Protein chains: 2
Amino acid sequence: MNRTSQTKRTTIYDLAELAGTSASAVSAVLNGNWKKRRISAKLAEKITKLAEEQGYALNMQASVLRRDRSRIIGMIVPKYDNRYFGSIVEQFEALARERGLFPIVTCTRRDPALELEAARAMLSYQVDCVIATGATDPDRVMDLCSAAGVRTINLDLPGSRAPSVISDNYGGALELTRRVLANCEKEYGEKTPLLFVGGRGSDHNTMERVRGFRDAHTQAGIAVDEALVLTCGYAPDKAENAMTQLAERATDLPRGMFVNSTISLEGVMHWIRRSGHYADRVPQLGCFDWDPFVAMLGDHIEMVRQDVPKMLDAVFGIIDSGATDLTVVQIPPIVEKIG
Amino acid sequence: MNRTSQTKRTTIYDLAELAGTSASAVSAVLNGNWKKRRISAKLAEKITKLAEEQGYALNMQASVLRRDRSRIIGMIVPKYDNRYFGSIVEQFEALARERGLFPIVTCTRRDPALELEAARAMLSYQVDCVIATGATDPDRVMDLCSAAGVRTINLDLPGSRAPSVISDNYGGALELTRRVLANCEKEYGEKTPLLFVGGRGSDHNTMERVRGFRDAHTQAGIAVDEALVLTCGYAPDKAENAMTQLAERATDLPRGMFVNSTISLEGVMHWIRRSGHYADRVPQLGCFDWDPFVAMLGDHIEMVRQDVPKMLDAVFGIIDSGATDLTVVQIPPIVEKIG
DNA sequence: CAATGGTGCTCAATCGATGAAGCAAGAATT
DNA sequence: AATTCTTGCTTCATCGATTGAGCACCATTG
């Protein structure tokens, strides 16, 4: 290795000196456009070899400072505590790298202030593009970015001023509700309205899912019980509290439930076990989101799995094409039952 | 907002011009050491106000290029598909931000080549420090980084040339095995050896866990069945294949299992359901790692939850103190049973 | 033999922020 | 009144990579 390794990093100037040439030539060779700059193959090879030997690493800060595009792409994501966001991030990184982009991901814990702070930090790092995933306030993120001339794409939750890629929440919820209603009827022999629990009443996805939930009831000839629509937030303890309160005021608990995310399901399941309310007859469940262990919990659970690969293909399709129109791409989720 | 927003970003030179002062003064004011540089409070206020109005954002690439430390901290992580790594990343980001560091996280999918590529990319971005989490080849990452004068800390899996923070794998495995053995004896009235499945035979954690597994057997007066130690890899399908092959050659299947990670458990559970081998009598299970839904799967599962907050406190303790000695900090995991 | 063209490089400005060194003007000291 | 100190700035080199402009040299061409 290089003897001065611990003190200073090798730069193109060091390599130029060693090769007896100019920094300009070194730069051209190492960033690949030496043909355009008419550097001889012989010199190119010499420099490449030297760079290797010296363990040269490009200083991206210097490179980005000079270039017009940074080739850094940012993503903000609410949480890492479920498979859905986990696979979004994993796919995002893979697809970004495939395109020679450097991905930066930040978890903002569903906190609007953190979202803005994270976006600001990304802008400081000169990102070319920000993907706002499940953002609480996608439009404010968008405003911040567009003021800096940086494009935004919304994922999972739509915004009103940037292109968005989301699941077909209505369609998924409609089908999921249908199935749970059918399971209830099969199991209990009667038509009863379901409980809807989890999510924020103000977010687009939850509203659309509630709409699908309602329409499925209507189509099945069942009246929705408005006291059973609990958009209490996503967090497990919020869902659990909502269940506790429901049990206190309701004389009869619902036979089936539509649970809006695995993370809310965590709270609901916890309540079911602790409260003992469903000790004799398990409720029929539907969960909007997928988790392998939930699938193993029993055959009384239906799940909707959002189509992450297709969603991210759509996102990078928009990035690659440079489109900025306000389209909302809806990706059909996969409704599956794992017995 | 700024009218030239779409074309060019505001720089300190723009602000200097607007304020009728020098870029140097603007820089001093905005990076907070204007007192040291003897800028008047009046001018400081004026510049701060202007920066706000113009939506100024620091260009980090330029700033980092000039500074000696970048205040960027990198982490490589194998996967985002389980709670353990998910919470590691979430905590890491939070603690980094608390210290004014900018976290960059990259998922390397347990691929040694990707690990090195990711480390190289991070070095290009001038990271001050790299945390190698669950790295397949932590020492090569370490070599790369140290050649660039960047410190490394190993997390989850230890390396031989940098400080490491890991779980007490031996202790956790010992206790977990004890419990599963006890459950087996209680349930079946006889002492039988357990199955060990999942993980890599070559990785430190797996070896330590196998050691705990063996010692617990010995202490209970049970001989380990060597044919039942299946370190087949972590991936669900690898665990599932290992089970299939075991079932083909074994006449009698084990009463209890030590499953090395939730991700392997996914494969094992899948096999159990598909094969029908345990249809009449559920096996007693122990899982090294925690997942809320696994906890709900039944009372026949014991889990070890690695203490992520303590582990990351230890990591940042090392970072803050600047220690570089080759200590391996072992954090006791939490052995819990959720019924 | 002069003009033209191509090849293979080097020079120097530039990106935006930082901070050591220095300078001018007023205040305090002798 | 002359000196020193303090305050409040400005100037300028610098970090490392990129790239337009340009220069020297050799090979063709008319």
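Because only heavy atoms are used, hydrogens play no part in the values below, and waters and symmetry mates are left out as well, while side chains stay in. Remember, predicted model here, so these are calculated numbers, not experimental data. Here is the naming used below: chain letters follow the sequence lines, and residue numbers restart at 1 for every chain.
The phosphate of D:dC15 has neither OP1 nor OP2 within less than 4.0 Å of any side-chain N or O from A:N59. Side-chain nitrogen and oxygen atoms of A:T21 include at least one within less than 4.0 Å of the OP1 or OP2 phosphate oxygen of C:dT10. Within the structure, every side-chain polar atom (N or O) of A:S63 is placed at least 4.0 Å from both OP1 and OP2 of D:dA17. Distances shorter than 4.0 Å separate some side-chain N or O of A:Y56 from OP1 or OP2 on D:dA17. An OP1 or OP2 oxygen of C:dC9 is reached within less than 4.0 angstrom by a side-chain nitrogen or oxygen of A:S40.
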How far apart are the C-alpha atoms of B:Y125 and A:F102, what are their side-chain angles, what is the distance that settles it, and do they pass the ring-ring contact (aromatic ring centres under 6.0 Å, His included) test? CA-CA 10 Å; B:Y125 283 95; A:F102 186 77; 4.2 Å; yes
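If you look at A:Y80 and A:F85, their ring centroids are not closer than 6.0 Å.
Nearest to the side chain of A:R37, among D:dA17, C:dT10, D:dT10, sits C:dT10. You'll find that the side chain of A:R38 is closest to C:dT7, out of D:dA17, C:dA17, C:dT7. Closest approach to the B:S22 side chain among D:dT11, C:dG19, C:dT14 is made by D:dT11 (side chain taken as heavy atoms from C-beta onward). The B:A25 side chain lies nearest to D:dT10 when the options are D:dG16, D:dT19, D:dT10. Checking C:dT10, D:dG16, C:dG19 against the side-chain heavy atoms of A:L65 singles out D:dG16 as nearest.
As a whole-Å value, the separation of A:N33 CG from D:dT19 P is 6 Å. As rounded to whole Å, 14 Å separates atom P of D:dC9 from atom NZ of B:K35. Atoms CD1 (B:I12) and C1' (D:dT11) sit 13 Å apart, rounded to a whole Å. In this structure, CZ of A:R66 is placed 10 Å from P of C:dG16, rounded to the nearest angstrom. Computed from coordinates, the A:D68 CG to D:dT19 C1' distance equals 12 Å when rounded to whole Å. To the nearest angstrom, P of D:dT18 lies 9 Å from CZ of A:R71. C:dC11 atom P lies 13 Å from atom CD1 of A:I39, rounded to whole Å. Rounded to a whole Å, the CZ atom of A:R69 is 16 Å from the C1' atom of D:dT18.
Across all strands shown, B:L43 has heavy atoms under 4.0 Å from sugar-phosphate atoms exclusively, and none from any base. Here B:S27 lies in heavy-atom contact (under 4.0 Å) with a base. Using a 4.0 Å heavy-atom cutoff across all strands shown, A:L58 reaches sugar-phosphate atoms only and no base atom.
Each of B:V26, B:V29, B:T48 was scored for a side-chain contact (heavy atoms from CB on, under 4.5 Å) with B:L15, with one residue passing: B:V26.
Between the side chains of B:Q306 and B:Y84, at least one donor N or O lies within less than 3.5 Å of an accepting N or O.
Because its NZ or CZ atom is both nearer than 6.0 Å to the ring centre of A:Y234 and within 45° of the ring axis, A:R110 counts as a cation-pi partner of that residue.
A donor-acceptor pair is defined here as one N or O able to donate and one able to accept, closer than 3.5 Å; such a pair exists between the side chain of B:R9 and the backbone of A:A148.
Annotation: of the two residues near DNA chain C, A:Y13 and A:A44, the 5′-most nearest-nucleotide partner is A:A44.
Evaluation of atom-type donor-acceptor distances gives no pair under 3.5 Å for the side chain of A:R67 against the base of D:dT18.
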